[in-house]
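Input: a single structure, listed below in structure tokens.
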Amino acid sequence: MKYQLITIGPLRHEYADGLKTELLSDFRELGLDEKKYFEILDANQTDQIDWDGTPVMVWFGGSGQEEDEDIELLNSFLESSYPIFPVVENLNHYADNVPPSLHRINGIEWDKARLAADILRAFRLSRKQRQVFISYRRAETRAVAVQLFAELSLHGYRAFLDTASVESGVDFQEALWGRMADVDLLIFLDSPNALTSRWVYEELARAHDLGLGVLQLVWPDHSRTSGTELCDFIQLDKSHFVNNLGNSQDYLTDEFLAEVLIAAERTRIRSLNSRRVRVVSGFIDQARELDLDIALSPAGNIEIYRNNQQIGIVFPVIGLPDASIVQQYEVSMANNPYVEKRIIYDGYGMELEYSEHLEWLNNFLSLPTCQLDFVDEWVEKL
């Protein structure tokens with residue numbers, strides 16, 4: 001699975017190549033092999049779109065003729081609530097240069113650096129946001145767990161490993177669940193006795209509840225643990241290890257480790273989409289129960305309408321919000337200070353201390369955060 005960008009619209013041929021060059025450079029900066037992880041498609045390649053991934057669309061608007069297949073694909077994206085970025089040469093003529101279905105969505109003037117940054121945000125690609133949790137039984141897989149922690153960290157992930165990531169003097173289980181609430185991916189080292197560990201068993205159950213993607217590395221001479229059939233998996237062989245032993249002291253070869261990282265990124269892509277849909281769908285369901293209309297804006301923001309009048313905006317966040325995320329959205333809303341707005345998030349598994357921190361922080365924010373379970377209380381007051 002790849003990060004897919006779909007470029008369509010009358011001015012696609014004028015701007016798509018420049019955008020591609022900018023994005024390929026950004027992918028390399030992030031330490032991602034653009035040939036493995038990224039592709040640009042157009043309306044003639046709809047059969048290649050992975051609708052279970054995180055496809056993003058750019059509509060290059062202009063006064064030229066709009067192709068029927070472009071409009072059809074655009075409507076499919078709108079119906080599926082995937083991010084769409086309308087781009088025009090001059091915002092003063094925005095309504096004349098994009099289809100009516102995009103009039104509610106904020107467009108931008110052509111600026112390849114800004115557009116590339118917006119697309120990466122829609123993909124949720126940045127060093128601090130690529131987070132992974134490693135679940136393992138120490139007695140059987142410690143060497144590989146430590147190896148993965150180091151390699152993932154070098155490739156821009158914020159990796160979580162119990163022995164390296166939980167501070168002394170901290171409630172271990174609470175810290176464990178709190179960290180899991182904010183990761184994108186769980187890597188499960190499925191050794192013969194992994195699930196005899198209470199922690200590993202509970203980590204897998206919690207990953208399921210959170211909707212996390214799970215990459216399962218199945219140890220040599222061991223079959224997949226029952227109940228893990230929905231995980232992405234790789235069957236290990238002793239030849240994948242440096243000393244051909246596959247025991248607690250043996251490491252994966254560099255060549256195979258590279259394959260594991262590719263598989264991890266693919267699983268992460270699916271996980272991001274699943275968690276995004278979970279938050280967006282949860283909010284949309286609540287809004288529709290209150291007879292409100294919604295429109296998805298660039299990067300997945302949701303505009304709320306009543307009787308064709310915009311009454312609010314929500315910013316869905318995957319994982320947990322932090323000060324950096326709040327700042328990004330506050331800056332983006334600087335020119336629209338009067339509309340009611342919230343950052344919404346799932347919040348399942350969040351540490352009590354962090355929850356109390358967000359409640360306290362909301363007293364000082366012009367853009368407060370709100371857990372999905374309680375957002376209906378806010379929406380009802382709009």
Side-chain angles (χ1 to χ4, degrees), residues 51-52 54-57 59 61 71-86 94-95 98-108 118 121-122 124 209-211 272-321 325-326 328-330 332-348 350 355 358-359 362-363 365-382:
W51 296 100
D52 292 326
T54 54
V56 172
M57 174 179 285
W59 177 279
I71 296 295
E72 182 178 350
L73 182 56
L74 171 64
N75 290 335
S76 294
F77 263 70
L78 289 169
E79 291 170 3
S80 301
S81 298
Y82 285 106
I84 302 171
F85 295 89
Y94 179 75
V98 300
S101 57
L102 291 178
H103 286 180
R104 280 187 175 181
I105 298 180
N106 293 329
I108 65 171
D118 287 343
R121 187 169 67 248
R124 201 168 182 251
D209 292 340
L210 288 166
L272 288 176
N273 180 59
S274 175
R275 299 189 80 193
R276 181 188 70 84
V277 169
R278 181 171 175 161
V279 177
V280 171
S281 299
F283 176 79
I284 290 175
D285 288 344
Q286 294 185 48
R288 286 176 174 166
E289 286 181 3
L290 297 172
D291 295 323
L292 299 173
D293 297 320
I294 59 91
L296 200 66
S297 295
N301 307 333
I302 304 173
E303 298 176 357
I304 313 167
Y305 292 85
R306 179 187 289 120
N307 299 325
N308 294 320
Q309 178 74 32
Q310 185 178 354
I311 60 173
I313 300 176
V314 296
F315 303 89
V317 170
I318 302 171
L320 303 179
I325 290 173
V326 173
Q328 289 175 20
Y329 286 127
E330 280 198 342
S332 72
M333 290 299 297
N335 296 325
N336 191 1
Y338 305 110
V339 175
E340 287 289 326
K341 47 195 176 293
R342 291 290 187 277
I343 291 173
I344 62 172
Y345 60 97
D346 189 314
Y348 180 76
M350 179 172 52
S355 175
L358 289 177
E359 289 181 14
N362 280 342
N363 295 321
L365 296 175
S366 61
L367 176 53
T369 62
C370 183
Q371 192 169 342
L372 185 61
D373 287 345
F374 308 112
V375 74
D376 58 336
E377 300 175 7
W378 169 69
V379 174
E380 287 177 347
K381 299 175 182 178
L382 292 177

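All values derive from a computational prediction rather than experimental measurement. Note that these values count all heavy atoms, side chains included, but never hydrogens, waters or copies made by symmetry.
- When atom types are taken as modelled, the side chain of Asp346 and the backbone of Tyr348 share a donor-acceptor pair closer than 3.5 angstrom.
- Geometrically, Arg104 engages Tyr305 in a cation-pi contact, judged by NZ or CZ lying under 6.0 Å from the ring centre and within 45° of the ring axis.
- In this structure, the separation between CD1 on Ile325 and CG on Leu367 is 11.0 Å, given to the nearest 0.5 Å.
- Remark: the backbone N or O of Leu372 is paired with a side-chain donor or acceptor of Gln286 at under 3.5 angstrom.
- Considering all non-hydrogen atoms of both residues, Arg278 and Gly211 come closest at NH1-N, 3.2 Å.
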Practice item. For side chain to side chain contact (heavy atoms under 4.5 Å, CB included), just list the numbers for Asn106 and Glu303, CA-CA rounded to whole Å, side-chain angles, deciding distance to a tenth of an Å, and then say yes or no. Key: CA-CA 10 Å; Asn106 293 329; Glu303 298 176 357; 3.9 Å; yes
Check your understanding: Are Gln371 and Met350 close enough, and set up right, to give a side chain to side chain contact (heavy atoms under 4.5 Å, CB included), and what steps lead you there?
Key -> CA-CA 10 Å; Gln371 192 169 342; Met350 179 172 52; 3.8 Å; yes
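- Side-chain N or O atoms of Asn362 include one that pairs as donor or acceptor with a backbone N or O of Thr369 at under 3.5 Å.
- With rounding to the nearest 0.5 angstrom, the OH atom of Tyr329 is 14.0 Å from the NZ atom of Lys341.
- Rounded to the nearest 0.5 angstrom, Ile71 CD1 and Trp59 CH2 are separated by 4.0 Å.
- Taken to the nearest 0.5 Å, the CG atom of Asp373 stands 11.0 Å off from the CD1 atom of Ile344.
- Rounding to the nearest 0.5 Å places OG of Ser101 at 13.0 Å from CZ of Phe77.
- Inter-residue side-chain proximity for Ser76 and Trp51 is flagged as met; some heavy-atom pair is nearer than 4.5 Å.
- Considering CG of Leu358 and CG of Asn363, their distance stands at 11.5 Å, rounded to 0.5 Å.
- A donor-acceptor contact shorter than 3.5 Å is absent between the side chain of Arg288 and the backbone of Ile294.
- Checked against Arg306 for a side-chain contact (heavy atoms from CB on, under 4.5 Å), the options Ile311, Asp291, Leu290 give a single hit: Ile311.
- Across all non-hydrogen atoms, the minimal contact from Cys370 to Arg342 is CB-CD, 4.4 Å.
- Ile343 is not listed as a side-chain neighbour of Leu365, based on a closest heavy-atom distance of 4.5 Å or more.
- When each of Val279, Ile313, Val280 is paired with Ile302, the side-chain contact (heavy atoms from CB on, under 4.5 Å) condition holds for Val280 and for no other.
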Point to revise | From CA spacing to verdict: side chain to side chain contact (heavy atoms under 4.5 Å, CB included), Met57, Phe85 | key: CA-CA 6 Å; Met57 174 179 285; Phe85 295 89; over 6 Å; no
